[in-house]
Amino acid sequence: MADAAPGAGNRAPSLSTIAAVLLGGVIIAAGVLLTRTEELTIIVVSMDTTRVDHLSAFGAERPTSPTLARLAREGVAFTQARSSTSWTLPSHMSLFTGLPAGVHDVNIDFQRLDPSRPIMGQVFKSADYRTAGLYTAPYVHPRFGFGAGMDFYEGMTSNPMAYDLTPAQAQWERS
């Protein structure tokens with residue numbers, strides 16, 4: 001990983017930013033290098049609120065992320081990417097749409113992506129790829145539009161998220 005230039009305001013890129021740029025590079029490389037008869041697997045890994053300097057995949061001394069390190073070695077890793085915004089919902093919407101937060105317009109709680117805007121699952125599906133997504137964070141819930149186009153998009157938590165509950169269930173959970 002390249003060292004950041006000295007000076008105030010320099011930060012290591014967030015993992016979601018690295019994942020966004022990684023995805024973009026893979027998509028571009030796939031379009032240039034592969035014919036439609038070749039297999040392509042694209043894996044997007046997003047680990048919200050994870051410090052990149054604590055991952056062995058990006059230089060940490062302890063082996064904290066051996067599988068991620070192997071993916072980075074065998075694939076493409078971008079180390080100078082930046083997130084489009086500071087919090088999960090709009091930054092992941094940017095990752096899934098390729099649009100800055102001011103364009104996709106999902107910037108506050110309860111906003112949903114305009115269904116006329118294409119999102120990653122739809123783009124891959126329209127190119128005849130099988131699509132699947134697994135999530136554990138509430139701000140990548142299908143309620144915001146993230147699961148559009150996915151053959152399978154499933155929450156992987158043992159308890160339901162607030163967005164999965166009816167209003168009556170949510171009231172009961174709060175009491």
Side-chain angles (χ1 to χ4, degrees), residues 1-5 7-30 41-60 64-65 67-69 71-72 75-126 129 131-150 152-157 160-164:
M1 186 165 145
D3 289 332
N10 290 325
R11 298 184 313 180
S14 72
L15 191 57
S16 63
T17 300
I18 292 169
V21 175
L22 173 66
L23 174 65
V26 169
I27 291 170
I28 291 167
T41 300
I42 297 172
I43 300 171
V44 177
V45 178
S46 173
M47 297 172 8
D48 193 33
T49 66
T50 303
R51 286 183 45 170
V52 72
D53 61 330
H54 285 226
L55 297 171
S56 53
F58 296 97
T64 57
S65 54
T67 302
L68 190 61
L71 282 171
V76 178
F78 295 86
T79 61
Q80 296 301 313
R82 298 289 180 262
S83 181
S84 62
T85 186
S86 63
W87 73 285
T88 306
L89 177 59
S91 64
H92 279 74
M93 192 57 73
S94 291
L95 170 66
F96 275 61
T97 63
L99 300 171
V103 175
H104 63 60
D105 204 28
V106 179
N107 299 304
I108 61 173
D109 278 337
F110 306 109
Q111 286 182 318
R112 179 177 168 77
L113 182 67
D114 179 337
S116 69
R117 293 201 182 278
I119 195 163
M120 186 176 4
Q122 294 167 316
V123 172
F124 289 136
K125 194 68 183 164
S126 70
Y129 289 100
T131 58
L134 306 172
Y135 66 95
T136 59
Y139 284 121
V140 291
H141 193 279
R143 182 243 179 269
F144 299 106
F146 286 105
M150 295 285 195
F152 178 83
Y153 193 76
E154 192 70 34
M156 301 302 293
T157 57
M161 292 182 191
Y163 299 120
D164 295 323

- prompt: What residue among Asn107, Asp105, Leu99 forms side-chain contact (heavy atoms from CB on, under 4.5 Å) with Pro90?
  reply: Asn107

With sequence neighbours excluded, what pairs up with [X] under the side chain to side chain donor-acceptor pair (under 3.5 Å) test?
X	value
Tyr139	Asp109
Thr88	Asp48
Ser56	Ser65

Quick one, [X] and [Y] - any side-chain contact, counting heavy atoms below 4.5 Å?
X	Y	answer
Thr157	Tyr135	no
His54	Thr64	no
Phe146	Met120	no

Work out which heavy atom in [X] is nearest to a heavy atom in [Y]; give both atom names and the distance.
X	Y	value
Ala101	Ser94	N-OG, 3.5 Å
Phe144	Met93	O-CE, 3.4 Å
Pro118	Val123	CB-CG2, 4.2 Å
Tyr153	Pro142	CE2-CD, 3.8 Å
Thr85	Ser91	CG2-N, 3.2 Å

- prompt: Which salt bridge (Lys or Arg N to Asp or Glu O under 4.0 Å) pairs, counting each pair once, include a residue from residues 111-126, with sequence neighbours left out?
  reply: Lys125-Asp151

query: To the nearest 0.5 Å, what is the distance between CG (Leu55) and CE (Met47)?
result: 5.0 Å

- request: Could I get the full list of ring-ring contact (aromatic ring centres under 6.0 Å, His included) partners for His104, not counting sequence neighbours?
  value: none

query: Among Ser84, Ser46, Ser83, which residue meets the side chain to side chain donor-acceptor pair (under 3.5 Å) test with His92?
result: Ser46

query: Who pairs with Ala148 by side-chain contact (heavy atoms from CB on, under 4.5 Å), at least two apart in sequence or on another chain?
result: Ile119, Gln122

